[in-house]
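Here the structure comes first, spelled out in structure tokens, and everything after it is commentary.
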Amino acid sequence: MSARHASRYRPLQARIPEVEWDAALPWIDAIHALKRSRNAVILAHNYQPPLISYGVADVVGDSLALAQRAADTRADLIVLCGVHFMAETAKILNPDKTVLIPDARAGCSLAESISAADIRLLRAQYPGARVVTYVNTSAEVKAESDICCTSANAIEIVNSMPGDTVIFLPDRYLGAHVARHTRKRLVLWQGACEVHERFTGEQVRALRAPGVRVLAHPECPADVLEAADFVGSTAAMGTDIRRSGAQRVVLITECSMAANLAVEFPTVEFTQPCNLCPHMQRITLPKIYAALRDNTGVVEVAPAVAAGARRALQQMLDVGRREAA
Ligand code: 13P
Ligand code: SF4
């Protein structure tokens with residue numbers, strides 16, 4: 001193995017067998033060469049496996065970080081390794097750039113759960129109430145919303161809305177979590193993440209042991225969140241491990257998250273009931289290579305829809321910038 005390959009492999013050594021790394025190397029090298037020749041950036045969600053996160057990605061993050069980096073990038077081409085709504089978000093924020101998703105079938109049960117027409121009906125039912133929409137939705141749904149949010153900023157965004165009643169869509173579990181942390185009255189939708197809704201409080205309690213810190217994603221049901229020590233976005237989980245110094249961590253979220261964090265925190269012992277997101281798993285190194293080589297999986301959003309969705313996303317990014325200032 002060359003010195004360059006060995007230094008990239010070193011942090012992954014304990015997690016990925018050398019034979020697997022060797023098999024992936026031709027893809028990794030070919031992807032890097034194409035990235036350079038096309039001035040491309042690869043943005044990967046935290047649920048992508050380590051061969052993608054550590055092998056080829058330029059940015060790895062939660063939905064909020066991916067949206068922020070998509071808004072700031074100087075690359076000509078963005079390859080989004082994640083699910084379709086994330087690639088759509090990158091395109092909406094970069095209408096003049098090409099955005100590719102290596103497998104356009106990578107969907108999301110939350111994005112599937114609600115349509116733009118549903119929002120128009122809710123607005124008629126609750127006149128004057130602002131609509132806060134989780135980014136896990138289609139561009140059409142975002143375009144009907146006042147503002148977007150991610151799991152990292154949902155409470156802050158809801159609190160920034162005028163009025164007592166806020167329509168919060170489409171995740172009923174994230175919505176219930178926000179409702180427990182705000183004075184606003186929330187109108188919720190019945191959407192759910194097919195991965196996180198499968199966790200149970202009983203499962204979490206069975207994993208409890210002295211010295212164990214349980215981290216859960218807010219897309220989980222309420223009894224799971226009640227049994228956890230910390231509730232937060234995929235990025236906030238990493239921050240919590242760093243801050244708390246926990247050495248034994250139970251992760252209640254998608255499987256690949258633990259695989260990535262185990263590389264970042266080699267001395268921490270991770271346990272998790274393993275639920276994989278079938279949509280995230282559609283993205284592979286050969287598909288990333290093919291998308292870059294052939295310009296396949298181009299993400300398009302109709303200009304009128306993109307303009308409405310951009311306004312809602314920009315409102316969200318502006319709230320974040322105001323808070324940071
Ligand atoms: P994060 O915003 O926490 O990255 O979550 C996105 C997601 O799809 C979780 O299932
Ligand atoms: Fe959607 Fe759930 Fe998969 Fe995240 S983990 S992309 S919310 S189905």
If only atom types and distance count, is the side chain of [X] paired as donor or acceptor with the main-chain N or O of [Y] below 3.5 Å?
X: Q203; Y: T200; value: yes
X: S145; Y: C148; value: no
X: R123; Y: E144; value: yes
X: T239; Y: A235; value: yes

Which side-chain N or O atoms in residues 64-84 pair as donor and acceptor under 3.5 Å with protein atoms at least two apart or in another chain?
unit_1 : atom_1 : unit_2 : atom_2 : d
T73    : OG1    : A75    : N      : 3.1
D76    : OD2    : N39    : ND2    : 3.1

Relative to each other, are the rings of H177 and H181 parallel, tilted or perpendicular (30° and 60° limits)?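 Taking H181 first and then H177, their aromatic rings sit tilted (interplane angle of 30° to 60°).
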Residue pair [X] / [Y], side-chain heavy-atom distance below 4.5 Å:
X: L100; Y: V298; value: yes
X: N136; Y: D171; value: no
X: E254; Y: Q272; value: no
X: I283; Y: Q48; value: yes

Salt bridge or not for E88 and K142, using N-O below 4.0 Å?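 No, no charged N to carboxylate O under 4.0 Å.
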Can R172 and E197 be counted as an ion pair, charged N to O under 4.0 angstrom? yes
With a cut-off of 6.0 Å (strictly less than), are more than 12 heavy atoms of other residues, nucleotides or ligands near CZ of R185?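 No.
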How close do [X] and [Y] get, counting heavy atoms only, and between which atoms?
X: F265; Y: G238; answer: CZ-O, 3.6 Å
X: A106; Y: I101; answer: CB-CD1, 4.4 Å
X: M86; Y: S63; answer: CE-OG, 3.8 Å

